[in-house]
Protein chains: 2
Amino acid sequence: MARTAYHHGDLYQQAHEQALAIVREQGDSAISLRALARQIGVSTPALYRHYADRESLLAELAISGFQTLRQHLLAVDQQDSRSALIGIGLAYVAFAREEPNLYRLMFGGRVLPRGAHPRLDQAGLAAFQVLEDTVANGQQRGYLKAAPLALLTAAAWSLVHGLSQLTIDGHLPGHDNEPQLAAGITALLLDGSIERSNKEPTP
Amino acid sequence: MARTAYHHGDLYQQAHEQALAIVREQGDSAISLRALARQIGVSTPALYRHYADRESLLAELAISGFQTLRQHLLAVDQQDSRSALIGIGLAYVAFAREEPNLYRLMFGGRVLPRGAHPRLDQAGLAAFQVLEDTVANGQQRGYLKAAPLALLTAAAWSLVHGLSQLTIDGHLPGHDNEPQLAAGITALLLDGSIERSNKEPTP
DNA sequence: ATGCAATGTTAACGGCGTTAACTTCAGCAA
DNA sequence: TTGCTGAAGTTAACGCCGTTAACATTGCAT
């Protein structure tokens, strides 16, 4: 479709890009369809030709976020199991720190009830899958315990997700040397927190 | 102040209670000052005599939430270090599951930028303190490693917070037997995830 | 060339948070 | 007792917002 004065021709893309920029800079609550249309130079209802409503637009942005996160996780070196697991954790938290507003949109839960946007669920699952694959890999190599995969994966994901959330919301005081904290925490999950000179590991 | 037809006399309390009920049932995005005032039977600007704006009202609700969470955590039996730590984790996740909407308000980060409401920050810290005390206790009893307290505490909090968030947002498939999952994950953080017949614990 | 479907437009509805300006009333000082 | 004051309520209004209905333009396939 060519671009005339009337038919914009690239509205979906432009709306997506500019909305993404706003979310990244100011958070999803700053997204207003009227302001967005104004900024693009188009009437507000025109946006409804491409997005069912405000939430659907936000869902698309969240999908972008999950895809980016997945790429970051895929880039982690998988040679050594231990460094792969720690590396995934670091990459995960680093993404959240680089894109806090996008991360909040992706995991806010407030805006997007699960199940309402299947493609969003799928994108989240795809990112999660990278983590699960890494855990499964570590298990197959005999590095990780033979505990249920779902349990190990849930633990890993909970840890990095919780740390990300607490970090970007400023709940953890003195978060200056962040990567070190993330690495230390991940190591704790691997090695355990109990003092082994006093207690035996659970059988 | 007595209650006449004009002066309501109990508006602050009523607004707090009814708003809390709405948040618990429908989430904070369902809070509208106009609707709330209508429901109470008062004009909208009357609310502004007691709350600076919508966000301040939400902040008060979040404070309530943190206080409740703190009470739940304080009720955990502290006799045995291990069961105290696991118990705290279970209580934490249980609270999130019982009050998902309130929990999202407390930790959403979207609504309430840290530092804007000092009393809210303080309430969050007080809840966090219970967890930190439990960890410190476990350390003093020699049950936990002598790692930096901040590190151990951050790990514990990240884990339970992440699990809570993922659980209430439905990111973890097959979350039927939830307490079991939470207990298993907490145990993983205590005992470690690596297979010790193959690898030595990190020195 | 024509008709259709996609993609725009304007106009309007009802809701929202917030503020300004005014009113009522409880409690206290003279 | 009277009169004042300040807290706590009121109405009216501003400017946003998401969304829908009804209509206009246009590219493309027939």
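Naming: A, B, ... by sequence-line order, numbering from 1 per chain.
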ask   = Do any pairs count as a side-chain hydrogen bond (donor to acceptor under 3.5 Å, both in side chains) and have a residue in residues 23-34 of chain B, sequence neighbours left out, and if so which ones?
value = A/Arg110-B/Asp28, B/Arg24-B/Glu99

Expected list for residues 40-50 of chain B: side-chain donor-acceptor pairs under 3.5 angstrom, two or more places apart:
none

query = Among pairs that include at least one residue of residues 50-69 of chain B, which meet salt bridge (charged side-chain N to carboxylate O under 4.0 Å, His left out), considering only residues two or more places apart or in two chains?
reply = B/Glu60-B/Arg119

task = Check whether any side-chain N or O of A/Lys145 sits under 3.5 Å from a backbone N or O of A/Gln139 as a donor-acceptor pair, and report yes or no.
result = no

Contact list for DNA chain D against residues 32-41 of chain A - heavy-atom distance below 4.0 Å = A/Ser32, A/Leu33, A/Arg34, A/Ala35, A/Arg38

Distance-only side-chain donor-acceptor flag, B/Gln67 / B/Gln71, under 3.5 Å = no

query = So, for B/Phe66 and B/Phe95, is the gap between ring centers shorter than 6.0 Å?
reply = no

Under 3.5 Å, which donor-acceptor pairs do the side chains of residues 146-159 of chain B form with other protein atoms, sequence neighbours left out?
from	atom 1	to	atom 2	distance (Å)
B/Thr153	OG1	B/Leu149	O	2.7
B/Trp157	NE1	B/Tyr92	OH	3.0
B/Ser158	OG	B/Ala154	O	2.7

inquiry  = Return the CG to CD distance between B/Leu181 and B/Glu178, rounded to the nearest 0.5 Å.
reply    = 5.0 Å

query = What parts of residues 44-65 of chain B reach DNA chain D, counting only heavy atoms under 4.0 Å away?
reply = B/Pro45, B/Ala46, B/Arg49, B/His50

query = Between D/dA8 atom P and B/Gln13 atom CD, what is the distance in whole Å?
reply = 14 Å

